[in-house]
Amino acid sequence: IRSRGDFVEGNEQRLADLEALGFIWDSKEFVFRQQVLPALRWYQAAFGHLDVPQAFVLPTDEAVPVALRGMKLGQTVSSIRSQGHFVEGNEQR
């Protein structure tokens, strides 16, 4: 469905049904908006900078939103910096 659109191409009702459900068309963008950015905001608020150590993992305590607990933020930031994950092909980032 996401990659080629076979199930919705030419079928406006299917497209509308999926949109009404909040279907995620771009999973990388979803992860970036719903996990990476909130985790970076949390880290910056907690530490005052974004120089995230590669080994940093978000705590699993109540200070961290449930969806972000245990996230390997250091590895994610390292992948963004070294391989361009979440930023390749996006001129705004």
Exercise. Sequence neighbours excluded, which residues qualify as side chain to side chain contact (heavy atoms under 4.5 Å, CB included) partners of Gln54?
Worked result: Ser78
Seminar exercise, completed: Rounded to the nearest 0.5 Å, the NE2 atom of His85 sits from the CD atom of Gln75 at a distance of 12.0 Å
Exercise. Mind checking what makes side chain to side chain contact (heavy atoms under 4.5 Å, CB included) contact with Phe47, not counting sequence neighbours?
Worked result: Trp42, Tyr43, His49, Phe56
Can you give me every donor-acceptor pair (side chain of residues 57-65, partner residue at least two apart or in another chain, under 3.5 Å) with its distance?
{"from": "Asp61", "atom 1": "OD1", "to": "Ala63", "atom 2": "N", "distance (Å)": "3.0"}

For this session: For residues Leu40 and Val77, determine if any side-chain heavy atom of one lies less than 4.5 Å from a side-chain heavy atom of the other.
Result: yes
Problem set entry | Closest non-hydrogen atom pair, Gln44 against Leu50 | CB-CD2, 3.8 Å
For this session: List in chain and number order the residues that pass side chain to side chain donor-acceptor pair (under 3.5 Å) with Glu19, two or more places apart in sequence or in another chain; answer none if no residue qualifies.
Result: Trp25
Exercise. Can you name the side chain to side chain contact (heavy atoms under 4.5 Å, CB included) partners of Thr76, sequence neighbours left out?
Worked result: Val36, Met71, Ile80, Phe86
For this session: Just jot down the side chain to side chain donor-acceptor pair (under 3.5 Å) partners of Glu12, sequence neighbours excluded, or say none.
Result: none
